[in-house]
Engineer: 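Submitted below is the structure of interest, expressed as structure tokens.
FYI, the numbering just counts along the sequence from 1. What's counted below: heavy atoms across the whole structure, side chains too, no hydrogens, waters or symmetry copies.
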Amino acid sequence: MSSRRAELKQSYKENPPPMGVFAVRNRANGKVLVGMSLNLHGMLNRTRFELAQGIHRTYPALQDDWNRHGADSFSFEVLDVLPPPKEPGTDPKEELQVLLSLWLDRLRPYGEAGYNAEPS
């Protein structure tokens, strides 16, 4: 492994991407998708790319609205950032799930208000 590659790998380990909760808002109809990710910017870029390419399959209603209203009707937001765990090897997914639950309770993005599935 080249030293440059090793440096980049070490830098990534020492500075992980921000993780947390995000929203994709449809400003045309007020609907919102709320989600979480270990890599917020990567997830928002992926979601934007999939919608733009017409290949977003996780939330078909979101893709339908994107096709109907156009990209300019949507915004991509970071709602909350979870600080990286202080202890190495700690899995932050449980804390992310708690943070997501708080935002879902606050925004209630279900039915006519959003794209998330109603909790069962």
Side-chain angles (χ1 to χ4, degrees):
M1 185 179 332
S2 74
S3 65
R4 176 71 180 138
R5 185 176 171 150
E7 287 175 28
L8 291 172
K9 188 174 179 181
Q10 185 64 31
S11 175
Y12 180 82
K13 285 181 178 179
E14 292 173 0
N15 302 300
M19 60 183 142
V21 178
F22 66 91
V24 178
R25 288 187 195 275
N26 181 340
R27 294 188 303 263
N29 63 15
K31 285 187 167 185
V32 63
L33 169 70
V34 179
M36 69 178 196
S37 177
L38 294 169
N39 182 342
L40 279 171
H41 298 297
M43 178 57 81
L44 289 173
N45 284 339
R46 183 178 119 192
T47 301
R48 185 180 297 114
F49 175 79
E50 288 178 351
L51 289 168
Q53 297 303 310
I55 58 172
H56 188 74
R57 307 240 188 277
T58 309
Y59 299 96
L62 177 62
Q63 182 69 64
D64 290 345
D65 282 351
W66 178 278
N67 295 341
R68 182 177 307 116
H69 300 291
D72 290 341
S73 295
F74 287 83
S75 63
F76 296 81
E77 306 166 22
V78 172
L79 297 176
D80 226 330
V81 174
L82 186 67
K86 292 184 178 167
E87 294 184 31
T90 303
D91 187 356
K93 289 178 187 162
E94 189 173 323
E95 285 188 61
L96 272 175
Q97 188 61 50
V98 170
L99 198 59
L100 175 63
S101 295
L102 293 171
W103 278 101
L104 290 172
D105 284 346
R106 178 188 248 178
L107 298 177
R108 315 279 313 150
Y110 312 116
E112 294 299 315
Y115 302 102
N116 292 79
E118 292 258 5
S120 50

Engineer: If I take atom CD from residue Glu50 and atom CG from residue Asn45, how far apart are they, to the nearest 0.5 angstrom?
Structural biologist: 11.0 Å
Engineer: Between Val32 and Pro109, what is the shortest heavy-atom contact and its length?
Structural biologist: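 The answer is O-CB, 3.4 Å.
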Engineer: Write down the atom of Phe74, the atom of Tyr115, and the distance for their closest heavy-atom approach.
Structural biologist: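 Taking every non-hydrogen atom into account, CE2-OH, 4.2 Å.
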Engineer: Of the non-hydrogen atoms in Leu79 and Trp103, which two are nearest, and what is the gap between them?
Structural biologist: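 Result for this residue pair: O-CZ2, 3.5 Å.
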Engineer: Tell me the closest heavy-atom pair linking Lys31 and Gly111, and the distance in Å.
Structural biologist: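 Shortest heavy-atom separation between Lys31 and Gly111 comes out as CE-O, 3.7 Å.
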Engineer: Does a side-chain heavy-atom distance below 4.5 Å link Leu33 with Asn116?
Structural biologist: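 Yes, close enough: below the 4.5 Å cut-off.
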Engineer: Quick one: pull up OG in Ser75 and CZ in Arg48 and give me the separation to the nearest 0.5 Å.
Structural biologist: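 With rounding to 0.5 Å, OG (Ser75) is 9.5 Å from CZ (Arg48).
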Engineer: Can you tell me if Glu118 uses its side chain to pair, donor with acceptor, with the backbone of Tyr110 under 3.5 Å?
Structural biologist: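 Between the backbone of Tyr110 and the side chain of Glu118 there is no qualifying donor-acceptor contact (under 3.5 Å).
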Engineer: Do you know the tightest heavy-atom contact between Phe49 and Ile55?
Structural biologist: CE2-CD1, 4.4 Å
Engineer: Is any side-chain heavy atom of Val78 less than 4.5 Å from a side-chain heavy atom of Leu44?
Structural biologist: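 With C-beta onward as the side chain, the pair touches.
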Engineer: Between Arg27 (side chain) and Asp72 (backbone), is there a donor-acceptor pair under 3.5 Å?
Structural biologist: yes
Engineer: What's the shortest heavy-atom distance between Met19 and Pro84, and which atoms?
Structural biologist: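 Minimum heavy-atom contact is CE-CA, 3.5 Å.
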Engineer: Atom CG in Asn15, atom CD in Gln10: separation rounded to 0.5 Å?
Structural biologist: 9.5 Å
Engineer: Is it the case that one hydrophobic cluster holds both Leu40 and Leu104, taking links as side-chain heavy atoms less than 4.5 Å apart, direct or via other members?
Structural biologist: no
Engineer: Looking at side-chain heavy atoms only, is the closest gap between Lys93 and Leu38 below 4.5 Å?
Structural biologist: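 With C-beta onward as the side chain, the pair touches.
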Engineer: Transitively linked via ILVMFWY side-chain contacts under 4.5 Å: Phe76 with Leu96?
Structural biologist: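 Unlinked, Phe76 and Leu96 end up in two clusters.
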Engineer: Any side-chain heavy-atom pair from Gln63 and Leu51 closer than 4.5 angstrom?
Structural biologist: yes
Engineer: Atom CZ in Phe22, atom CD in Glu77: separation rounded to 0.5 Å?
Structural biologist: 11.5 Å
Engineer: If you group Ile, Leu, Val, Met, Phe, Trp and Tyr by side-chain heavy-atom gaps below 4.5 Å, do Met43 and Tyr59 land in one group?
Structural biologist: yes
Engineer: Run the side chain to side chain contact (heavy atoms under 4.5 Å, CB included) check on Leu8 and Arg4 step by step: do they pass?
Structural biologist: CA-CA 6 Å; Leu8 291 172; Arg4 176 71 180 138; 3.6 Å; yes
Engineer: Given side chains that start at C-beta, do those of His56 and Trp66 come closer than 4.5 Å, heavy atoms only?
Structural biologist: no
Engineer: Find the distance between CG (Leu99) and CG (Asp80) and round it off to the nearest 0.5 Å.
Structural biologist: 4.5 Å
